[in-house]
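A short worksheet on the structure shown next.
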Amino acid sequence: MAPRSGNKYGFIDAELSDRRKRHRLRRLRELYPSAGAEVVVDGKRLTNFCSNDYLGLSRHPLVKQRAADYIARYGAGSAASRLISGNIECFTGLEKRLARLKQSPAALLGSTGFQTNVSVLPALADRNTLVCSDQLNHNSLIQGIRLARCRVAVYRHNDMAHLEGLLKSHQGLGFSRILIVTESVFSMDGDRSDLDILEHLAEAYQSILVVDDAHATGIFGENGMGMTCGRDIDVAIGTFGKAAGSFGAYVSGARKVIDFMVNCSPGFIYSTALPPAVLGAIDAALELIPAMDGEREELMEKAEWVRRQLHQAGWETADSSTQIIPVIVGSDENALDLSRFLEANGILATAIRPPTVPEGRARIRLSLTALHTWAHLERLTASLNKWRHSP
Ligand SMILES: *Cc1c(COP(=O)(O)O)cnc(C)c1O
């Protein structure tokens with residue numbers, strides 16, 4: 001056989017150089033956590049406004065201690081998938097506790113939010129299923145839907161009339177079932193979906209409602225257990241990597257839905273069980289989160305204050321009503337320039353550009369946490385306004 005000449009990595013070179021040309025090449029930066037909301041990047045101390053550690057639990061003494069205790073008791077790894085021999089005793093208690101807190105009949109722990117979404121959706125949807133999906137859904141939900149190779153109807157962001165129109169127009173077309181897939185708190189706009197209407201539509205059109213509670217778990221709902229807490233949601237999904245401060249994910253719902261996932265969700269069946277350190281951290285977080293109403297109230301008060309300051313100065317923050325506040329600047333260049341300006345002023349806030357957000361909607365995405373002081377917020381708003389009024 002004649003050897004082929006040429007560059008087998010040509011497609012990679014082309015992609016990377018194209019991204020470089022369009023100023024869309026992403027790169028990893030090394031970062032050291034420091035005290036409170038501070039981090040050190042390239043030797044410079046910055047206030048971190050892009051962390052999902054909304055309650056500061058990642059470095060809470062009880063969370064760290066419980067993780068260490070679990071390692072001492074169970075080891076560093078769980079050594080197998082749950083159905084083989086990885087189902088160490090603490091899973092059962094944790095899942096019971098989680099179900100009770102979610103006010104749901106049952107719950108199941110999973111590896112990550114991303115992995116859970118790409119496992120749960122293809123389990124629920126077959127090729128004859130219709131999925132109605134919010135236009136701003138997270139990439140992991142989109143990938144999960146793609147893996148299911150089902151029919152997809154995307155509805156305009158939070159547009160319940162559009163969703164109902166789609167549900168109506170797809171009746172009687174022979175779909176095996178219909179899923180409605182949405183987030184509760186949207187990760188890029190920081191706004192919320194209307195779960196009352198979604199529940200009603202799911203009921204009226206006999207559809208399965210799947211809600212990703214990633215950014216609401218720890219922050220909204222009774223005991224901070226998410227917007228889906230205590231509601232009639234068929235499948236609620238959440239992560240422990242954000243407000244819970246560590247790692248891992250969950251699904252909650254009816255007992256038979258959870259039994260179905262144990263049997264039919266490949267990401268659950270064919271992946272190593274969460275390691276003991278993570279289970280310890282989740283255990284501690286579930287103990288702490290219900291008692292943090294004070295922190296949650298203060299976080300919302302601070303977010304409201306930041307939005308008010310920004311609006312007064314003429315900034316656009318989309319429909320944010322949560323701890324996530326997009327500061328929309330339009331062009332990629334503006335977003336990058338503002339991000340660099342903030343960094344020069346001691347603030348870490350990354351630019352979010354297409355394709356993560358629509359063209360012309362580039363932004364700085366601010367995440368507020370319980371670790372931010374009022375002084376941090378004053379410096380943030382002052383710096384943003386300084387950039388806006390700079391020539
Ligand atoms: C972060 C996020 C995920 C992924 O969760 P991980 O545990 O980080 O993998 C899933 N869905 C949404 C909406 C998210 O924001």
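Start at 1 and go down the list; that is how both ligands and their atoms are numbered.
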For a distance cut-off of 3.5 Å, show me each N or O of ligand 1 paired with any protein N or O, plus the separation.
residue: ligand 1; atom: 7 (O); partner: Gly113; partner atom: N; Å: 2.8
residue: ligand 1; atom: 7 (O); partner: Thr239; partner atom: OG1; Å: 2.7
residue: ligand 1; atom: 9 (O); partner: Gly113; partner atom: N; Å: 3.1
residue: ligand 1; atom: 9 (O); partner: Phe114; partner atom: N; Å: 2.9
residue: ligand 1; atom: 11 (N); partner: Asp212; partner atom: OD2; Å: 2.5
residue: ligand 1; atom: 15 (O); partner: His215; partner atom: NE2; Å: 2.6
residue: ligand 1; atom: 15 (O); partner: Lys242; partner atom: NZ; Å: 2.6

Residue pair Phe49, His372: steps toward the ring-ring contact (aromatic ring centres under 6.0 Å, His included) verdict = CA-CA 9 Å; Phe49 277 100; His372 289 117; 4.1 Å; yes
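Checked against Leu121 for a side chain to side chain contact (heavy atoms under 4.5 Å, CB included), the options Leu147, Thr129, Val181 give a single hit: Val181.
Hydrophobic cluster membership of Leu136, counting Ile, Leu, Val, Met, Phe, Trp and Tyr whose side-chain heavy atoms lie under 4.5 Å apart directly or via other members: Phe186.
Counting only N and O atoms by type, the side chains of His215 and Tyr54 include a donor and acceptor under 3.5 Å apart. Side chain to side chain, Ser321 and Arg192 meet the donor-acceptor criterion of an N or O pair below 3.5 Å.
Note that Arg151 lies outside the cation-pi zone of Phe175, set by a 6.0 Å cut-off to the ring centre and a 45° limit from the axis.
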